[in-house]
Amino acid sequence: MDKTQENSTGTLGKALEVLNIVASSPVPLRFTDVLKLSDQPRGTLHRQISNLIEEGLLAMNRDHSYGLGLRLLQFASKAWSSNEFRTIAEPHLQILHEQTGETVHLGVLRGIEVIYLDKVESRQSVRMYSQIGNTAPVYCTGVGKAALSALSDDELNARIGLIEFRRFTASTLPDAKALLKEIDHIRVEGNAYDREEHETDICCVAAPIYSHNRHFVAGISVTGPAYRITPEILTSWAGITRAAAAAIMANMATQLSPRA
């Protein structure tokens, strides 16, 4: 890589860092807030933010805090609508939703997180809050643990080594040893569970989805409130969740395979 390429890559990386800081914050951030969270010098950061606002990737609110720009919505809409995997999976998500009446999620593994690519909302009056495009940790979500189970041992250990285990609830797995033990069970049974590990009163059953070479790994889950979905109900949905994942993989093999 020559010096020009290095500078270009560095500039892009810094811009993405700023976008990620703003997007990940639960509250709007001002310049000094972003500066504290960034490793960039004040002058560099000011230029980055100015360029991102000019390109429509960031927007400045009336109180001089920052929000994501509308141009990102255009990118997201285009990516979502043209994603072949999501299109293949969609009818199977609908079938699983019809079978259970609860919220169905489709998540793709990205590093040590899963990003929710699609969702079919519950028919119940009390629903859970989740959004397409949001990310969640792999170690305390059903989709995340299901996706991890599809990795090779080397890849699994490499990713787990990057996780900082935070206790979201009293049920969150505390460390790598506990996670690896659960992954062994998932590989045998074919299902992963979230037993109020990421959010109190929310549970799910999930199954892994992967390409034939396992370079692409994802998961599908049925999720709902613990007061409505007992452990017995979750277990009863294990088979249909695996069947949905298998149907998606079968369609992937035919529709996403190289064409002669």
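FYI, the numbering just counts along the sequence from 1.
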Exercise for review: Could you tell me how the ring of F168 sits relative to the ring of H198: parallel (under 30°), tilted (30 to 60°) or perpendicular (over 60°)?
Suggested key: perpendicular

**Study point:** Heavy-atom pair of closest approach, residues A244 and L96
**Key:** CB-CD2, 4.2 Å

Point to revise | Closest approach of I202 to P225 (non-hydrogen atoms, all atoms of both residues) | key: CD1-CA, 4.2 Å

Practice item. Would you give the length of the straight line joining atom CG of L234 to atom SG of C203, rounded to the nearest 0.5 angstrom? Key: 4.5 Å

Point to revise | Contact list for residues 17-28, test side-chain hydrogen bond (donor to acceptor under 3.5 Å, both in side chains), sequence neighbours left out | key: E17-S38, E17-Q40, N20-S24

Check your understanding: Just how far is it from atom CG of L106 to atom CD of E90, taken to the nearest 0.5 Å?
Key -> 10.0 Å

**Study point:** E102 and I229, any side-chain heavy atoms less than 4.5 Å apart
**Key:** yes

Study note, to complete from the structure: Taking every heavy atom of V205 against every heavy atom of A238, the minimum-distance pair comes out as CG2-CA, 4.0 Å

Review point. Do other residues, nucleotides or ligands put more than 12 heavy atoms under 6.0 Å from the CZ atom of R42?
Key: no

Check your understanding: V108 versus V114: any side-chain heavy-atom pair under 4.5 Å?
Key -> no

**Study point:** Nearest heavy-atom neighbours spanning V143 and S221
**Key:** CG2-OG, 3.3 Å

Review point. Does R195 offer a backbone N or O that forms a donor-acceptor pair with the side chain of E197 under 3.5 Å?
Key: yes

Review point. Rounded to the nearest 0.5 Å, how far apart are CZ of R47 and CG of L52?
Key: 13.0 Å

Check your understanding: Is D175 reaching over with its side chain to a backbone N or O of A178, donor-acceptor style, under 3.5 angstrom?
Key -> yes

Review point. Have T103 and E121 got a donor and an acceptor in their side chains that come within less than 3.5 Å?
Key: yes

Review point. When hydrophobic residues are tied together by side-chain contacts of less than 4.5 Å, even through go-betweens, does L29 share a cluster with I49?
Key: yes

**Study point:** Gap separating the CG atom of L148 from the CZ atom of R187, nearest 0.5 angstrom
**Key:** 9.0 Å

Point to revise | Stepwise side chain to side chain contact (heavy atoms under 4.5 Å, CB included) check, Q94 with V104 | key: CA-CA 8 Å; Q94 291 289 347; V104 176; over 6 Å; no

Check your understanding: Is the gap between the ring centers of F216 and Y210 under 6.0 Å?
Key -> no

Check your understanding: Do any N or O atoms from the side chain of E196 and from the backbone of D201 form a donor-acceptor pair under 3.5 angstrom?
Key -> yes

Review point. Does V120 reach the side chain of H105, with side-chain heavy atoms less than 4.5 Å apart?
Key: no

Practice item. Please tell me if the side chains of H92 and N251 come closer than 4.5 Å, counting only heavy atoms from C-beta onward. Key: yes

**Study point:** Considering all heavy atoms, the nearest L109-A147 contact
**Key:** CB-CB, 4.1 Å

Review point. According to a 4.5 Å side-chain heavy-atom criterion applied to Ile, Leu, Val, Met, Phe, Trp and Tyr, with indirect links allowed, do L117 and I95 form part of one hydrophobic cluster?
Key: no

Check your understanding: Under a 4.5 Å cut-off applied to non-hydrogen side-chain atoms, are L173 and E182 in contact?
Key -> yes

Point to revise | Pairs flagged by side-chain hydrogen bond (donor to acceptor under 3.5 Å, both in side chains) wherever residues 235-246 is involved - sequence neighbours left out | key: N191-R242

Point to revise | Joint cluster assignment, V188 & L180, ILVMFWY side-chain distance < 4.5 Å | key: no

Exercise for review: Could you tell me whether a side-chain N or O of Y116 sits under 3.5 Å from a main-chain N or O of A136, the two making a donor and an acceptor?
Suggested key: no

Practice item. Side-chain contact test, heavy atoms from C-beta onward, threshold under 4.5 Å: evaluate it for I240 versus V222 and give yes or no. Key: no

Point to revise | Ionic contact status for R86 with E84, cut-off 4.0 Å | key: no

Review point. Is the F31-Y66 ring centre distance short of 6.0 angstrom?
Key: no

Check your understanding: Does any N or O in the side chain of K145 come within less than 3.5 Å of the main-chain N or O of Y193, such that one atom is a donor and the other an acceptor?
Key -> yes

Check your understanding: What distance do M249 atom CE and I88 atom CD1 have between them, rounded to the nearest 0.5 Å?
Key -> 13.0 Å

Study note, to complete from the structure: Between T172 and R167 the two heavy atoms that sit nearest each other are O-NE, 3.0 Å

Point to revise | Stepwise side chain to side chain contact (heavy atoms under 4.5 Å, CB included) test for I112 and Y139 | key: CA-CA 8 Å; I112 55 174; Y139 66 95; over 6 Å; no

Exercise for review: Calculate, to the nearest 0.5 Å, the distance between atoms CG and OG belonging to L58 and S50 respectively.
Suggested key: 10.0 Å

Practice item. Check for a donor-acceptor pair, side chain of R214 on one end and backbone N or O of A150 on the other, with a separation under 3.5 Å. Key: yes

Please list every donor-acceptor pair under 3.5 Å in which a side-chain atom of residues 154-163 meets a protein atom from a residue at least two apart or in another chain.
from : atom 1 : to   : atom 2 : distance (Å)
E155 : OE2    : R159 : NE     : 2.6
E155 : OE2    : R159 : NH2    : 3.1
N157 : ND2    : D153 : O      : 3.0
R159 : NH1    : G111 : O      : 3.0

Check your understanding: So, do K14 and T44 sit near enough that their side-chain heavy atoms are less than 4.5 Å apart?
Key -> yes

